[in-house]
Amino acid sequence: MDKKVIAVAGATGAQGGGLVSAILSDPSGGFAVRALTRDVNSDKAKELAKRGAEVVAASVDDVESVKKAFRGAHAAYCVTFFWDHFSPDREKAQAHNMAVAAKDAGLKHVVWSTFEDTRLSVPLSDSRMPTLQGKYKVPHFDAKAEANPYFTELGLPTTFLLTSFYWDNLIHFGMGPKKGPDGKLAFVLPMGGKKLPGIAASDIGACAYGVFKRGSDFIGKTVGVAGEHLTGAQMAAALSKALGTEVVYSAVSPAVYRSFGFPGADDLGNMFQYKADFESLYCGHRDLGVSRSLNPKLQTFAQWLEVNKDRIPLG
Ligand SMILES: NC(=O)c1ccc[n+]([C@@H]2O[C@H](COP(=O)([O-])OP(=O)(O)OC[C@H]3O[C@@H](n4cnc5c(N)ncnc54)[C@H](OP(=O)(O)O)[C@@H]3O)[C@@H](O)[C@H]2O)c1
């Protein structure tokens with residue numbers, strides 16, 4: 001029987017890479033993978049081809065290249081790359097290109113990796129957090145939410161996937177424990193005692209694979225995924241256990257976090273404040289049981305740490 005092709009944006013990255021692995025490790029699942037990359041000759045792209053993926057050139061900034069890449073596929077995983085450019089307009093344009101290409105190709109299922117529109121809870125007039133780039137509270141959330149209608153208005157059979165904080169940020173995004181003036185390692189999170197839904201980045205793609213496998217069950221629906229909902233104190237305790245050295249929780253205020261000054265600190269400060277202030281809404285959108293039903297191998301933070309603890313830079 002011919003396998004149904006899932007075209008995957010960001011295939012060499014975190015979310016898409018997880019989906020590619022999930023498809024390739026289930027050869028009898030009825031799906032084949034087409035990996036989109038801007039550079040088919042990169043080491044990562046060559047590695048995907050070696051593992052059995054069909055690798056095609058496409059940039060989500062170039063609609064014609066995405067149309068070509070989606071043609072003949074059954075489904076697509078659509079993700080945008082905010083942190084490459086910090087531009088909500090470019091992110092929306094990338095999403096629009098994928099929606100238009102999905103329509104052109106007549107895809108039977110699209111999973112769009114999106115987020116909540118934080119302005120539904122914190123209108124621009126709400127002064128608890130600054131308005132950013134003129135019309136956003138959390139630009140990388142709000143822009144994705146603004147792109148949702150691109151998919152619905154074209155009548156695409158879409159699943160809206162709400163993702164969670166990658167625990168991998170502790171490795172790649174400078175969010176690992178840092179040595180404080182007292183010499184102790186501190187895990188900084190501006191969320192007080194509130195819970196942060198987190199996930200191993202690769203498990204997002206594995207959950208998305210579960211969505212594709214369930215066919216029409218999730219079409220037209222929004223589904224959120226997370227591995228665990230943990231407080232900063234619980235994350236620090238798990239880090240202490242895994243690293244074998246004490247890690248304390250440093251619950252700075254969102255305002256202090258915004259003032260850290262690294263690129264995107266204001267966006268992330270607002271994001272964590274939103275997650276803390278609307279804890280039950282935000283956690284409620286990311287049901288752990290549903291996530292596990294989509295991906296039975298879903299990792300807990302402790303399991304993720306066991307595999308990745310040596311990769312976390314301790315500054
Ligand atoms: N960090 C977090 O905690 C977190 C949590 C949830 C959601 N997110 C969201 O995740 C999104 C990024 O996804 P990710 O983390 O999976 O990305 P990633 O790991 O940074 O990977 C991005 C991959 O996408 C490809 N890419 C970049 N620009 C492209 C373009 N113009 N056209 C085609 N491919 C392009 C690159 O592959 P090639 O070089 O091979 O083309 C790269 O390998 C962001 O929008 C962010 O808001 C992040």
Side-chain angles (χ1 to χ4, degrees), residues 7-21 34-49 53 55-70 76-98 101 111-116 118 136 138-147 160-176 189 196-208 224-227 235 263-264 267-268 270-272 275 282 285-286 291 301 304:
V8 181
T12 57
Q15 294 187 30
L19 174 56
V20 170
S21 293
R34 183 179 297 164
L36 275 60
T37 173
R38 290 164 301 174
D39 179 6
V40 296
N41 292 312
S42 72
D43 289 347
K44 282 183 179 172
K46 283 195 209 147
E47 177 62 28
L48 292 182
V55 177
V56 300
S59 166
V60 297
D61 291 309
D62 170 7
V63 69
E64 293 307 320
S65 74
V66 188
K67 281 184 184 170
K68 223 168 125 192
F70 281 3
Y77 186 73
C78 298
V79 55
T80 45
F81 310 104
F82 182 86
W83 301 111
D84 284 7
H85 48 71
F86 298 79
S87 161
D89 284 344
R90 184 158 164 203
E91 178 158 50
K92 285 189 285 176
Q94 293 180 336
H96 191 255
N97 285 342
M98 287 186 276
V111 173
W112 160 231
S113 176
T114 186
F115 274 128
E116 288 87 346
T118 63
Y136 302 102
V138 182
H140 77 285
F141 271 50
D142 302 340
K144 288 181 180 68
E146 281 188 5
F160 299 89
L161 183 70
L162 299 172
T163 62
S164 288
F165 175 88
Y166 305 168
W167 292 321
D168 308 63
N169 291 334
L170 275 61
I171 303 172
H172 305 296
F173 223 69
M175 293 189 185
L189 197 66
L196 171 66
I199 194 163
S202 61
D203 275 338
I204 294 176
C207 288
V225 294
M235 291 182 76
D267 188 329
L268 292 174
N270 283 7
M271 175 194 80
F272 286 125
K275 291 178 184 180
Y282 193 78
H285 287 168
R286 289 157 176 79
S291 308
F301 187 45
W304 178 86

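When a ligand or atom number is given, it counts from 1 through the structure's own listing order.
Near Phe82, meaning under 4.0 Å from one of its heavy atoms, ligand 1 places the atoms 44 (C), 45 (O). Close approach of ligand 1 to His140 (heavy-atom distance below 4.0 Å) involves ligand atoms 47 (O). Counting atoms of ligand 1 from 1 in the listed order, those under 4.0 Å from a heavy atom of Lys144 are 44 (C), 45 (O), 46 (C), 47 (O). Contact atoms of ligand 1 toward Ser59: 30 (C), 31 (N), 32 (N), 33 (C) (distance under 4.0 Å to a heavy atom of the residue). Close contacts between ligand 1 and Asp61 involve ligand atoms 31 (N) [criterion: under 4.0 Å to a heavy atom]. Listed by number with element, the atoms of ligand 1 under 4.0 angstrom from any heavy atom of Thr37 are 38 (P), 40 (O), 41 (O). With ligand atoms numbered from 1 in the order given, ligand 1 contributes 3 (O) to contacts under 4.0 Å with heavy atoms of Phe165. Annotation for ligand 1: atoms under 4.0 Å from non-hydrogen atoms of Ser164 are 5 (C), 6 (C).
The heavy atom nearest to atom 26 (N) of ligand 1, considering only Tyr77, Trp83, Phe141, Phe81, is found in Phe81.
Contact detail for Lys46 and Asn41: the closest heavy-atom pair is CE-O, 3.3 Å.
The closest approach between Ala58 and ligand 1 falls below 4.0 Å for a heavy atom of the residue.
The protein reaches atom 32 (N) of ligand 1 closely, with a heavy atom under 4.0 angstrom from it.
In terms of polar-atom proximity, Thr12 is counted as a contact of ligand 1, with an N or O under 3.5 Å from an N or O of the ligand. Every N/O-N/O distance between Thr163 and ligand 1 stays at or above 3.5 Å.
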